[in-house]
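Heads up: numbering here begins at 1 and tracks the sequence.
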Amino acid sequence: MRFFSFGRLNNPNLAKTDQGTGSLDDYLYDLVPRNKRVRIQLADSDPCQDALRTVIEQGVTETEAFITRRSAADERTDAPTPVRLFVNQRPTPVVGFVPRGLEAPVEAALGRLADSGKSTRMEATIRETKNGLRVDLAIGLTR
């Protein structure tokens, strides 16, 4: 699977290694992931390392991510979309944000999950990289 950073669409104030990854090429016309392996790496996780480390210390690497739907005010101001994890049936503090430019596929996935009567939580994996802990959303499983 090919990961792509959105370059100028991302926040220039973030380190290049913390801008998140994903590609609109991984989605069909109606924003459905092309396959079940499509993943999005969250952006702005550097300030959230303590929260992620706490989750790892509890022995959890695979969990569910909770993403709230964007309100009309969020859309108007182009506010970032925060992501929290559920660990031991409790929400964590924010562990990252949906990368710029990928808000629409995430919103579409949340809509598909809600419309089908399923939980709107997405599978998430915490992994260690040379730049710190990162969270990957398994958005492909929302097909």
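Under a hydrophobic-cluster definition in which Ile, Leu, Val, Met, Phe, Trp and Tyr are linked whenever side-chain heavy atoms come within less than 4.5 Å, directly or via other members, Leu141 and Ile139 are assigned to different clusters. Linking Ile, Leu, Val, Met, Phe, Trp and Tyr residues whenever their side-chain heavy atoms come within less than 4.5 Å leaves Val135 and Val94 in two separate clusters. With hydrophobic clusters built from ILVMFWY side chains whose heavy atoms lie under 4.5 angstrom apart, Leu42 shares a cluster with Val60. Using a 4.5 Å cut-off between side-chain heavy atoms of Ile, Leu, Val, Met, Phe, Trp and Tyr, with links allowed through other members, Leu137 and Ile56 fall into the same hydrophobic cluster. Following chains of ILVMFWY side-chain contacts shorter than 4.5 Å, one can reach Val83 starting from Leu113, so the two form part of one hydrophobic cluster.
Among residue pairs with one or both ends in residues 97-118, none qualify as ring pair (Phe, Tyr, Trp, His ring centres under 6.0 Å); sequence neighbours excluded.
Atom CD1 in Ile126 sits 9.5 Å away from atom OG in Ser45 (nearest 0.5 Å). Rounded to the nearest 0.5 Å, atoms CG (Leu52) and OG1 (Thr92) are 7.5 Å apart. In this structure, CG in Asp44 is found 10.0 Å from CZ in Arg100, a value given to the nearest 0.5 Å. Note that CZ of Arg53 and SG of Cys48 are 11.5 Å apart. Values are rounded to the nearest 0.5 Å. Going from atom CZ of Arg69 over to atom OG1 of Thr81 covers 11.0 Å, rounded to the nearest 0.5 Å.
Residues Asp26 and Arg39 form no side-chain contact, since every pair of their non-hydrogen atoms from C-beta on lies 4.5 Å or further apart. Using a 4.5 Å cut-off on side-chain heavy atoms (C-beta onward), Lys118 and Thr142 make no contact. Thr120 is not listed as a side-chain neighbour of Ile67, based on a closest heavy-atom distance of 4.5 Å or more. At least one side-chain heavy atom of Tyr27 sits under 4.5 Å from a side-chain heavy atom of Val38. Considering only heavy atoms from C-beta on, Asp18 comes within 4.5 Å of Pro47 through its side chain. Looking at Asp136 and Ile40, their side chains never come closer than 4.5 Å, going by heavy atoms from C-beta outward. Using a 4.5 Å cut-off on side-chain heavy atoms (C-beta onward), Leu24 and Pro105 make contact. Side chains of Glu64 and Glu123 form no contact here, defined as non-hydrogen atoms less than 4.5 Å apart.
Annotation for Ala43 and Pro99: closest pair CB-CA, 4.2 Å, computed over non-hydrogen atoms. Nearest heavy atom pair, residue Glu128 against residue Leu133, reads OE1-CD2, 3.6 Å.
Remark: the backbone N or O of Leu85 is not paired with any side-chain donor or acceptor of Arg121 at under 3.5 angstrom. Judged by distance alone, with hydrogens and angles left aside, the side-chain atoms of Asn35 form a donor-acceptor pair with the main-chain N or O of Arg37 at under 3.5 Å.
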For this session: Given side-chain hydrogen bond (donor to acceptor under 3.5 Å, both in side chains), test Arg127 with Gln41 step by step and report yes or no.
Result: CA-CA 10 Å; Arg127 61 186 178 82; Gln41 180 182 309; 2.8 Å; yes
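If you run side-chain hydrogen bond (donor to acceptor under 3.5 Å, both in side chains) between Arg134 and each of Thr21, Thr129, Thr125, Asp46, only Asp46 comes through.
A salt bridge does not link Asp30 to Arg112: none of the charged side-chain nitrogens sits closer than 4.0 Å to a carboxylate oxygen.
Judged as a ring-ring contact (aromatic ring centres under 6.0 Å, His included), and not counting sequence neighbours, the contacts of Phe66 are Phe86.
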